[in-house]
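Next up is a structure, given as structure tokens.
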Amino acid sequence: MRIVIGEDSALFREGLASLLVDAGHEVVGKAADATALLATVEELEPDLAIVDIRMPPDRTDDGARAARTLRATHETLGIVLLSQHLETRHSVELAAGGYFGYLLKDRVFDVEDFLEALRRVAAGGSALDPEVVAHLLRPARRDDPLAALTPREREVLALMAEGRTNKGIAGRLWLTDRTVETHVSSIIAKLGLADSAEDHRRVLAVLAWLGHQT
């Protein structure tokens, strides 16, 4: 996998690059600010961009804004946001089309999980840190249709938002595949997502949660 890293911390950037190279990936470019990141991706056309949210020049959400710019012209570019802080303003829109991940730096301790998340995003899936999902899925308001979901259904939906398959959810929650299918069907029914050949109801269920809480 050809990867570009957008990270202003030289120590973290080089450490991440070494980890990726050791795992067999090719780090084709590195950028220390959002402007350089955009130019590097345009020039090198990587499979995946790993982007720190807070980067120069403003050191606010420059990385997230750069990711939105990249998504507008690179629909199948895998984008993984890394941050020490929760920033959800841009995440819902980015998550809508897949090829997107949002992981907290402090939670990226398990190298194999991290590398698997990168592969999943590059293949068109998603990878959302559980804390990010929990922040987005804060307790629903009284008039929220999501309030009809049971605690177990919320757990299932949170794992769906992380990009887990039914089998992956079953393994995580110690349930059978059939039970997970039942929960997913119940979630979709409670959210009123009608069957359609043009829509992916599983994705719509996740987006309904994310969009409602922002």
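Just so we're clear, the structure is a prediction, and the values are computed from it rather than from any experiment.
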Quiz item: What heavy-atom pair brings Ile53 and Ser83 nearest, and what distance separates the two atoms?
Solution: CD1-CB, 3.6 Å
Quiz item: Is the side chain of Lys190 donor-acceptor paired with the backbone N or O of Ala148 at a distance under 3.5 Å, no angle test?
Solution: yes
Quiz item: Side-chain contact, heavy-atom cut-off 4.5 Å: Thr73 with Glu42?
Solution: yes
Quiz item: Are any of the side-chain heavy atoms of Leu103 and Leu81 separated by less than 4.5 Å?
Solution: no
Self-check item: Heavy-atom closest contact (Leu44 atom, Gly29 atom, distance)
Solution: CD1-CA, 3.8 Å
Quiz item: Is the closest side-chain heavy-atom distance between Pro46 and Ile3 below 4.5 Å?
Solution: no
Practice problem: Identify whether the distance between the nearest side-chain nitrogen and carboxylate oxygen of Arg152 and Glu155 falls below 4.0 Å. | Solution: yes
Practice problem: Salt-bridge test for Arg13 and Asp52: reply yes if a basic N is under 4.0 Å from a carboxylate O, no otherwise. | Solution: no
Quiz item: Does Thr150 offer a backbone N or O that forms a donor-acceptor pair with the side chain of Glu153 under 3.5 Å?
Solution: yes
Quiz item: Is a donor on one side and an acceptor on the other found under 3.5 Å between the side chain of Glu7 and the backbone of Ser9?
Solution: yes
Quiz item: Does the side chain of Leu82 come within less than 4.5 Å of Phe114's, by heavy atoms?
Solution: yes
Quiz item: What is the minimum heavy-atom distance between Pro57 and Asp62, and which atoms define it?
Solution: CD-OD2, 3.4 Å
Quiz item: Under the 3.5 angstrom rule, does the side chain of Asp113 hit a backbone N or O of Val111 as a donor-acceptor pair?
Solution: no
Quiz item: How long is the span from the NZ atom in Lys167 to the CD1 atom in Ile169, to the nearest 0.5 Å?
Solution: 12.5 Å
Practice problem: Mind listing the closest non-hydrogen atom pair of Met55 and Ala34 along with its distance? | Solution: CE-N, 3.7 Å
Quiz item: Quick one: does Asp33's side chain have a donor or acceptor within less than 3.5 Å of a partner on Ala36's backbone?
Solution: yes
Quiz item: Arg71 side chain to Tyr99 main-chain N or O, any donor-acceptor pair under 3.5 Å?
Solution: yes
Quiz item: Would you call Arg65 and Asp58 a salt bridge, taking side-chain N to carboxylate O under 4.0 Å as the test?
Solution: yes
Quiz item: Short question: side chain of Asp47, backbone of Arg2 - any donor-acceptor pair under 3.5 Å?
Solution: yes
Quiz prompt | Rounded distance [0.5 Å steps], CD in Glu116 versus CZ in Arg120 | solution = 4.5 Å
Quiz item: Between the main-chain N or O of Leu70 and the side-chain N or O of His74, is there a donor-acceptor pair closer than 3.5 Å?
Solution: yes
Practice problem: Quick one: closest heavy-atom pair of Asp8 and Pro56, and the distance? | Solution: CB-CD, 3.4 Å
Self-check item: pair Arg164-Arg172: side-chain heavy atoms closer than 4.5 Å
Solution: yes
Quiz item: Just by modelled atom types, is the Glu181 backbone N or O under 3.5 Å from a matching donor or acceptor in the Ser185 side chain?
Solution: yes
Quiz item: Atom CZ of Phe12 and atom CG of Leu19: how far apart are they, to the nearest 0.5 Å?
Solution: 9.0 Å
Self-check item: Val4, Ile5, Ile50, Leu16 screened by side-chain contact (heavy atoms from CB on, under 4.5 Å) with Val27, the one that passes
Solution: Ile5
Quiz item: Roughly how far, to the nearest 0.5 Å, is OG of Ser126 from CE of Met160?
Solution: 10.0 Å
Quiz item: Could you give the distance from NE2 (His183) to CG (Asn166), rounded to the nearest 0.5 Å?
Solution: 11.0 Å
Quiz item: What distance do Asp110 atom CG and Leu115 atom CG have between them, rounded to the nearest 0.5 Å?
Solution: 9.0 Å
